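Below is one structure; the comments refer to it alone.
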Amino acid sequence: MAGLSCTFTYGPSDVRSMIINNYGGVRIDGTNATIIGNEPGEFIADRNNITRVWMDHAFWPFVTTKLYIDQTGDTDVLFERTTYFKDYQSMRGTSHDEAWNNTYGNKQRTAGSQIYFGTVLEHILIQNLCAFYDVGEHNEMRLHGADWNDALDMAWDKGESVAFTCAYAGNLLDIAKCLRNVEKISGINRIEVLEELKLLLADDEMLYNCPDKKQELLMSYAKACENCTSGGTVLVPIAAICENLEHKAEWMMKNIRENEWISDGTDGGWFNGYYDNNGRPVERCESGDVRMMLTGQVFAIMSGTAKKEQIKAICNSADKYLFDQKAGGYRLNTDFKEEKFDLGRMFGFAYGEKENGAVFSHMAVMYANALYKQGFIKEGYKVLKTLLDTAMDFDRSRMYPGVPEYFDNDGRGLYSYLTGAASWYMLTMITSVYGVHGELGDLVIEPALMPQQYNEKGDAKVSLEFAGHGFDILVHNPDKLEPGDAHVKRALCDDVKVENVTGNSVRIPKHAIEMLSTDKCHTVEIYIE
């Protein structure tokens, strides 16, 4: 990673229509179909007609939509309307709608038999609010069939995912922030939502503290929409929705900090990430039995649930209990020394294979991403550098250059094409390491390169597309200062001074980018001292 000069294409033209079409796969109860059909807007419940619920699926659509909005400034996409998916499954996978049949079709209808269209924003709210109420006995979100790790598939009854409870808390805060920006930019101060959605906007800490009451409210909403909606809508102030989402997120984070933190008795600690099908916490540190999983730490950090001191403790513990130089980096979990089929089939693998304790590239890269997001740059760099060094060491990895699904106990790379790690690695390099990202259509550059990542002259370069324009972005750091010591002295775009320079950040407003020519590549130079 020394002297990096990278080229990426970053600006798919069809993303907007894909986003709108894919929200058509969301059910009115906040779950979704898992297979995209042959045509835009066509969905299938699941493979082999087995309908299941992965509890993390409602988390990712807004993450993708937010990235699109930040890259383009297109907040109008939130108000585009699309349908909801409808099939036999109901009540968030716990029941069947006996009144549904093929004649009804696969699009949600109203009491008047009309196909119901809701805004993209309404879909986002339903997904995330339903997840908030869908909790188990420990008041963390139910695991259902699995979260992102579909090998955690044997805890349907009592399993809970603290990891993704953290993730959803971060989502709620980000949705609120996005809506506040919409109101500020557009002047829109009220939004139209499904009448039944008002049930999900209850805001009462006594309710939040009671898992049974939360499930009861959720099922009341799901039952009201089970076969058809009323067709009615209401107008709700944006400010009221934002406060509601923020209250829920703050409660979730506080609950996790108070009830899920584990200390190793020294300078380490981490969050319990799961409850098994017997309702027991999965992670612990007692009598020499250390059970730690990386996933819960990633989403606690990424979402902001973990405070700075907790992040330091997590890093210490990850280095102590999960890092294995020979295996290629940070393992997904410590060795539980049992099959643990009250949580998932992952424990049927030998330790160090696939999800059971391998260096699972996808989550390792997301760990790096989370660390960069919270300003832990040296720690994030170590994660990325170790993965890259392992992959590039052919004698050990036995693979062509790339990022595999996982590295085994000996550092051998396996399943080169079965991984989301490559895209997350690129995303992290662009938006976090080089620091090139969008904020409501503005181009923002906040370099976080380590000294080793510059060439001998102290230069680094990334080429990419942003808002339909090509950019060569050059960072000049002749003294190779570390990120904490580096400040942007000045910045030029095509030799014209960029006025918006603050601390370590350079901002080129959307309106200025729109004035640039599209028939040439533009050069942005950033000078660090």
Side-chain angles (χ1 to χ4, degrees), residues 16-47 49-55 57-58 60-62 65 77-134 144 190-202 215-236 241:
R16 192 181 203 270
S17 61
M18 288 174 62
I19 286 173
I20 297 167
N21 284 334
N22 287 345
Y23 274 104
V26 176
R27 294 187 184 89
I28 205 74
D29 67 2
T31 63
N32 58 274
T34 61
I35 304 295
I36 297 174
N38 295 323
E39 301 294 332
E42 179 182 301
F43 301 92
I44 303 167
D46 200 0
R47 298 180 181 90
N49 294 317
I50 302 171
T51 54
R52 291 174 285 184
V53 174
W54 279 264
M55 63 83 64
H57 280 184
W60 301 106
F62 177 69
T65 305
V77 71
L78 294 170
F79 301 101
E80 296 288 350
R81 293 181 179 271
T82 190
T83 56
Y84 286 85
F85 181 70
K86 176 64 183 170
D87 64 351
Y88 188 41
Q89 178 173 307
S90 67
M91 308 297 285
R92 295 184 65 80
T94 65
S95 186
H96 295 133
D97 178 8
E98 301 294 345
W100 179 85
N101 54 38
N102 288 326
T103 302
Y104 182 114
N106 289 118
K107 298 185 187 299
Q108 179 71 47
R109 294 181 180 271
T110 68
S113 296
Q114 300 298 309
I115 294 175
Y116 178 72
F117 288 80
T119 62
V120 165
L121 175 57
E122 181 188 270
H123 286 68
I124 291 168
L125 290 172
I126 286 175
Q127 285 188 298
N128 287 271
L129 287 169
C130 284
F132 170 79
Y133 291 100
D134 196 0
H144 284 288
R190 295 187 300 171
I191 58 172
E192 183 182 19
V193 296
L194 178 73
E195 188 173 15
E196 289 87 340
L197 188 147
K198 288 193 301 181
L199 284 169
L200 302 175
L201 293 175
Q215 273 289 338
E216 183 180 328
L217 185 150
L218 175 63
M219 290 299 111
S220 295
Y221 164 79
K223 191 66 179 177
C225 306
E226 184 175 24
N227 182 256
C228 57
T229 70
S230 66
T233 59
V234 293
L235 289 173
V236 183
I241 289 180

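The structure displayed is predicted, hence computed values, not measured ones.
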Kindly determine whether Ile126 and Leu197 satisfy side chain to side chain contact (heavy atoms under 4.5 Å, CB included), including the steps that lead there.
CA-CA 7 Å; Ile126 286 175; Leu197 188 147; 3.4 Å; yes

Correct closest heavy-atom pair for Ile28 and Tyr221 would be O-OH, 2.7 Å

Report yes or no: does Arg52 contribute a side-chain atom to a donor-acceptor pair with the main-chain N or O of Asp46 at less than 3.5 Å?
no

Could you tell me whether a side-chain N or O of Tyr23 sits under 3.5 Å from a main-chain N or O of Gly118, the two making a donor and an acceptor?
no

His123 side chain vs Arg81 backbone, donor-acceptor pair below 3.5 Å
no

Evaluate side chain to side chain contact (heavy atoms under 4.5 Å, CB included) for Leu200 paired with Phe132, printing each intermediate quantity in order.
CA-CA 9 Å; Leu200 302 175; Phe132 170 79; over 6 Å; no

Hey, are the side chains of Ile115 and Arg109 touching, using non-hydrogen atoms and a 4.5 Å cut-off?
yes

Smallest separation among heavy atoms of Gly30 and Ala58, with atom names
O-CB, 3.8 Å

Rounded to the nearest 0.5 Å, the CG atom of Asp97 sits from the NZ atom of Lys223 at a distance of 8.0 Å

Under 3.5 Å, is there a donor-acceptor pair between the Glu196 and Ser230 side chains?
yes

List the steps, then state whether side chain to side chain contact (heavy atoms under 4.5 Å, CB included) holds for Phe62 with Gln127.
CA-CA 9 Å; Phe62 177 69; Gln127 285 188 298; over 6 Å; no

Check: Asn227 main-chain N/O paired with Gln108 side-chain donor or acceptor under 3.5 Å
yes

Report the distance from atom CD1 of Ile35 to atom CZ of Phe43, rounding to the nearest 0.5 Å.
11.0 Å

Quick one: are Trp100 and Asn106 in side-chain contact, heavy atoms under 4.5 Å?
yes

Establish, from distance only, whether the side-chain atoms of Arg27 and Thr31 form a donor-acceptor pair under 3.5 Å.
yes

Donor-acceptor pair, Glu42 side chain versus Asn38 backbone, under 3.5 Å?
yes

Let me confirm one number: the NZ-OG1 distance from Lys86 to Thr229, rounded to the nearest 0.5 Å.
10.5 Å

Just verifying a value: how many Å separate Lys107 NZ and Phe117 CZ, rounded to the nearest 0.5 Å?
7.0 Å

With heavy-atom distances below 4.5 Å as the criterion, would you say the side chains of Val193 and Leu201 are in contact?
no

Where do Thr110 and Gly231 come nearest, in terms of heavy atoms and distance?
CG2-CA, 3.7 Å

If you compare all heavy atoms of Gly93 against all heavy atoms of Val53, which two are closest, and at what distance to 0.1 Å?
CA-CG2, 4.0 Å

Give, for atom CG of Leu78 and atom CD1 of Ile20, the distance between the pair rounded to the nearest 0.5 Å.
10.0 Å

Is it true that Tyr84 and Glu122 share a donor-acceptor pair across their side chains at a distance under 3.5 Å?
yes

Between Asp29 (side chain only) and Arg92 (backbone N and O only), is there a donor and an acceptor less than 3.5 Å apart?
yes

Give a yes or no on whether the backbone of Glu216 and the side-chain of Ser220 come within a donor-acceptor separation of less than 3.5 Å.
yes

Has Asn128 got a side-chain atom pairing as donor or acceptor with Ile124's backbone, closer than 3.5 angstrom?
yes

As a quick check of understanding, evaluate side chain to side chain contact (heavy atoms under 4.5 Å, CB included) for Asn32 and Trp54, giving each step before the final call.
CA-CA 9 Å; Asn32 58 274; Trp54 279 264; over 6 Å; no

Gap separating the CD atom of Gln215 from the OH atom of Tyr133, nearest 0.5 angstrom:
12.0 Å

Any sub-3.5 Å donor-acceptor pair from Thr34's side-chain atoms to Ala45's backbone N or O?
yes

